[in-house]
Amino acid sequence: MSRTAFGLMITTIGVLVLSFEGVLIRWIEVDSWTLLFLRGVLAAPGLVVFFLVVERRGWRRQIRSMGLAGLVAAVLFAIDNVGFIYSITHTSVANTFLLISLSPLFAGLFTRVVLRERVPRRTWLAIAGGAVATLIIMVGSLVEGDLPGTLAGLVAAAALGGTLVVLRARPHLNMVPAVAFGSGLAALVGLPAAVPSSADAQDWVNLIALGLILVPVAFGLIAMGPRYIPAAEVALLLLLETVLGALLVWMVIGEVPTLATVVGGLILVVVLAVHSLATLRGREEHPPTEITA
């Protein structure tokens, strides 16, 4: 199997697995801080195990080589986790997933600012279209009274975009340990207000499925994706989670998205899809700028 085919395969599997996260979270009946703490506590060791299974040899060298870039990725992923959990527990799953799908556009902005790489005009146009879609969703959130959850989703998308920039800048490394560390940091954020005893037996079944299986497998595979395929292809595949995640929650939980979410979501999906396809057709991929710290 070629590197490209392997990259497409692992990223697609990771995104498909991640699409079930919204359903599991809706089934867990604990407060957002407890969910954040328990999800992080379970996901961190799960990601470490995933890393050790994949990197049977040379894992010590991989960890030592991460340096400052690994720490930055961990902090950004922790912020993403906090924003994501707060968002998905304070607004609709569809809103959260749609906002998270803005992460590739944030990545484009950060690539320009941090790595000094040229951002194509189509990316700026996509950012403008994404801003319009986000504005529509936020107006709907004002009407529904869940604006804080929407803003948290935007913060999560920006943090995830920053994480993607770091991952792209260290393509020779498996950065899953940084993601694991970020999950642990997120758990520390939730710890002061967490009440683990509030979780019943069914909650623990869902938490274990979420933290020990779904999150490590999904984010482990997605974090490895940029090592094998261009960022545009990763962005295109991430759209699957936006659509499938909201659809699964609608079908399984019966959570119907608002009109503003549907309209803004359609605009956002079309904008991101057109942008990603245009990038793939243009094939203007350049070697990422290496972060040496």
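Note that these values count all heavy atoms, side chains included, but never hydrogens, waters or copies made by symmetry. Note that the numbering runs from 1 along the sequence shown for the chain.
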### Message
With side-chain contact (heavy atoms from CB on, under 4.5 Å) as the criterion, how do Ile100 and Leu160 come out once you've worked through the C-alpha distance, each side chain's angles and the decisive distance to 0.1 Å?
### Response
CA-CA 8 Å; Ile100 292 297; Leu160 182 57; 3.9 Å; yes

### Task
For the pair Ser87 and Asn95, evaluate side-chain contact (heavy atoms from CB on, under 4.5 Å) and give the outcome as yes or no after the intermediate values.
CA-CA 8 Å; Ser87 178; Asn95 269 16; 6.0 Å; no

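Taking Phe219 as the reference, Phe77 meet the ring-ring contact (aromatic ring centres under 6.0 Å, His included) condition, with sequence neighbours excluded. Residues forming a side chain to side chain contact (heavy atoms under 4.5 Å, CB included) with Ile253 (at least two apart in sequence, or on another chain): Val23, Arg26, Trp27, Val249.
Distance check, rounded to the nearest 0.5 Å: OG1 of Thr89 to CG of Leu35 gives 7.0 Å. In this structure, Ser92 OG and Phe97 CZ are separated by 10.0 Å, a value rounded to the nearest 0.5 Å. Atom-to-atom distance recorded for Thr34:OG1 and Ile85:CD1 is 11.5 Å, nearest 0.5 angstrom. To the nearest 0.5 angstrom, Leu207 atom CG is 12.0 Å from Leu214 atom CG.
Proximity of Ile25 to Leu210: side-chain heavy atoms (C-beta onward) are separated by under 4.5 Å at one or more points. Looking only at side-chain heavy atoms (C-beta outward), Ile79 and Thr163 stay at 4.5 Å or farther from each other. Within the 4.5 Å cutoff, no side-chain heavy atoms of Ile13 are placed close to those of Ile10. Counting only heavy atoms from C-beta outward, the side chains of Leu151 and Val155 never approach each other to under 4.5 Å. Between Thr11 and Leu221 the shortest side-chain heavy-atom distance does not fall below 4.5 Å.
If you chain together hydrophobic residues whose side chains sit under 4.5 Å apart, Leu247 and Leu16 never meet in one group. Taken together through direct or relayed side-chain contacts under 4.5 Å among Ile, Leu, Val, Met, Phe, Trp and Tyr, Val205 and Val252 form parts of separate hydrophobic clusters. Note: the hydrophobic cluster containing Leu212 does not contain Val53 (ILVMFWY, side chain heavy atoms under 4.5 Å, direct or indirect links). The cluster map of Ile, Leu, Val, Met, Phe, Trp and Tyr, joined by side-chain heavy atoms under 4.5 Å apart, puts Val49 and Met224 in different clusters.
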Check: residues 181-196 side-chain donor-acceptor pairs under 3.5 Å, at least two apart:
residue	atom	partner	partner atom	Å
Ser183	OG	Val179	O	3.3

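The side chain to side chain donor-acceptor pair (under 3.5 Å) contacts involving residues 66-86 comprise Arg39-Asn81, where partners must be two or more places apart or lie in separate chains. Screening residues 185-211 for side chain to side chain donor-acceptor pair (under 3.5 Å) gives no qualifying pairs among residues at least two apart or on separate chains. Contacts classified as salt bridge (charged side-chain N to carboxylate O under 4.0 Å, His left out) and involving residues 174-189 (residues at least two apart or in different chains) are not found.
Minimum interatomic distance between Leu154 and Phe106 (heavy atoms only, all atoms of both residues): O-CE1, 4.1 Å.
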